[in-house]
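All remarks here apply to the structure that follows.
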Number of protein chains: 2
Amino acid sequence: MKQTKDRKAEILQTAALLFKQKGYSAVTMRDLADAVGIKAASLYNHINSKQQILSEIIFAIAEDFTEGIEEIVAQETNAQAKLKAVVAQHITLTADNPYGMAALNNDWMHLEDRLEYYLKLRNQYEKRFREIVLNGQQSGQLKNVSHEILLFSVLSTLRNLYLWIPRKADLQKEKLIDDLSEILLQGVVQ
Amino acid sequence: MKQTKDRKAEILQTAALLFKQKGYSAVTMRDLADAVGIKAASLYNHINSKQQILSEIIFAIAEDFTEGIEEIVAQETNAQAKLKAVVAQHITLTADNPYGMAALNNDWMHLEDRLEYYLKLRNQYEKRFREIVLNGQQSGQLKNVSHEILLFSVLSTLRNLYLWIPRKADLQKEKLIDDLSEILLQGVVQ
DNA sequence: GTCTATAGCCGGATAGAC
DNA sequence: GTCTATCCGGCTATAGAC
């Protein structure tokens, strides 16, 4: 009834929502089919396997992040501006696709054939982020605490945005970028 | 061969490790038995069900957190000291049981009978945390940004410690408490 | 306390009619 | 493009021997 392309997008979107709620392994093809309103066997006219669904959801986002941080690193701005740009990127990509972000964060270990490629992208992302932090410390803009703790702390918050953003119905993106950057960069104490 | 009590502790500990790696649903009783070095059927001499394993892992920690934050709230100290005490509690409990923390964070939705009790404990914890933040804002110690964003940001980092602490073989707990409190409270900019 | 064997159910995926 | 029917393998859990 529906066109293949629309239906496939609907399947991927619904799958991402279910993966967020229960995790990849706990979602069955029958669960997914029910949520879409068709029978499990019919899913296979649009996708080849459950594994392919996970892979498409994850890499659509992972590649955006990798490209985005390369642009930020290339900017001729100071470390503080680069960190704010990273915060903005996380907020923008998470707001666009919060359930996909959940899969990226929580279900990557269930990737099979493309697990190595995922790990490569993630390591590349963290390497670029680390460069920004180390440069900021060398130039005296950022505190000389362990860059590992700094990286862990900021990235933990950014990676968890998917838990928080969908609850804000009327998301004021620019305000969130300003407020969260302020908290992460300047702290919470008056 | 082994005593029931030792074996049960070994099973719970091994299960927590496997749950961290793949999530509750993707870990089979055969996986767990293999990792312990016995056959799947033998697990049932020590535990009643897979569900009971998850429940015991999660509530052992969840109750510690709930009790701990009640003590912190009751302290006669300012908001900054209370927040540092919360950071210290998270670091201590995570260092004691990092894999259990993973289950607490990622697998709680697979609780069946005791899901409501879990949600009650979690809501109580967040309520106490929110009280600390709101009091700190009213007394002028903490910035007047949205307390929701502040809470989300700090709690995201603390809840992700389980990903980071096990990688630090020679964890210097007191130093980590100082450094992470500094970053979360005072920010990263010089 | 551990084993082998197996019950009974549910998982992903395919075949073929419409 | 969706359906019914089904394969077959893997799942949790139990029975009963040692």
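Letters A, B, ... are given to chains in the order of the sequence lines, protein chains preceding strands, and every chain is numbered from 1.
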Interatomic distance, B:Asp31 CG vs D:dA13 P [rounded to whole Å]: 14 Å

Residue B:Tyr44, side-chain atoms from C-beta onward, closest of D:dC3, D:dA13, C:dT4: D:dA13

Under 4.0 angstrom between B:Lys39 side-chain N/O and C:dC3 OP1 or OP2: no

Side-chain N,O (A:Arg30) to OP1/OP2 (C:dC10) below 4.0 Å: no

Spacing between B:Asn48 atom CG and D:dT14 atom C1', to the nearest angstrom: 13 Å

A:Thr28 side chain, from C-beta outward: closest of C:dT4, D:dA13, C:dG12: C:dG12

Trace of the side-chain contact (heavy atoms from CB on, under 4.5 Å) decision for B:Ile165 with B:Leu176: CA-CA 10 Å; B:Ile165 281 185; B:Leu176 179 57; 4.2 Å; yes

Position toward the 5' end of DNA chain D (nearest nucleotide), A:Lys5 or B:Ser49: A:Lys5

Spacing between B:Met29 atom CE and C:dT6 atom P, to the nearest angstrom: 21 Å

No-H, no-angle donor-acceptor pair, A:Arg7 side chain to D:dG1 base, under 3.5 Å: no

For atom OH of A:Tyr24 and atom P of C:dG12, their distance in whole Å: 8 Å

D:dC3 phosphate, OP1 or OP2, under 4.0 Å from A:Ser42 side-chain N/O: yes

Sugar-phosphate only, base, or nothing, as touched by B:Val27 at under 4.0 Å among non-hydrogen atoms: sugar-phosphate

Which nucleotide in D:dG1, D:dT12, C:dT14 has an atom nearest any side-chain atom of A:Ala41: C:dT14

Heavy-atom side-chain proximity of B:Asp107 to B:Ile57 below 4.5 angstrom: no

Whole angstrom value for the distance that separates P of C:dG12 from CG of A:Asp34: 12 Å

Length of the line joining A:Lys50:NZ and C:dC10:P, which is rounded to integer Å: 16 Å

Test salt bridge (charged side-chain N to carboxylate O under 4.0 Å, His left out) applied to B:Glu70 and B:Lys127, B:Arg128, B:Lys82, the passing residue: B:Arg128

d(CD1, B:Ile38; P, D:dA13) in whole Å: 14 Å

Euclidean distance, atom CD of residue B:Gln51 to atom C1' of D:dC11 [Å, nearest integer]: 15 Å

Heavy-atom check, side chain of A:Lys22 versus side chain of A:Asp31, under 4.5 Å: yes

Backbone N/O of A:Lys143 and side chain of A:Gln137: donor-acceptor pair under 3.5 Å: yes

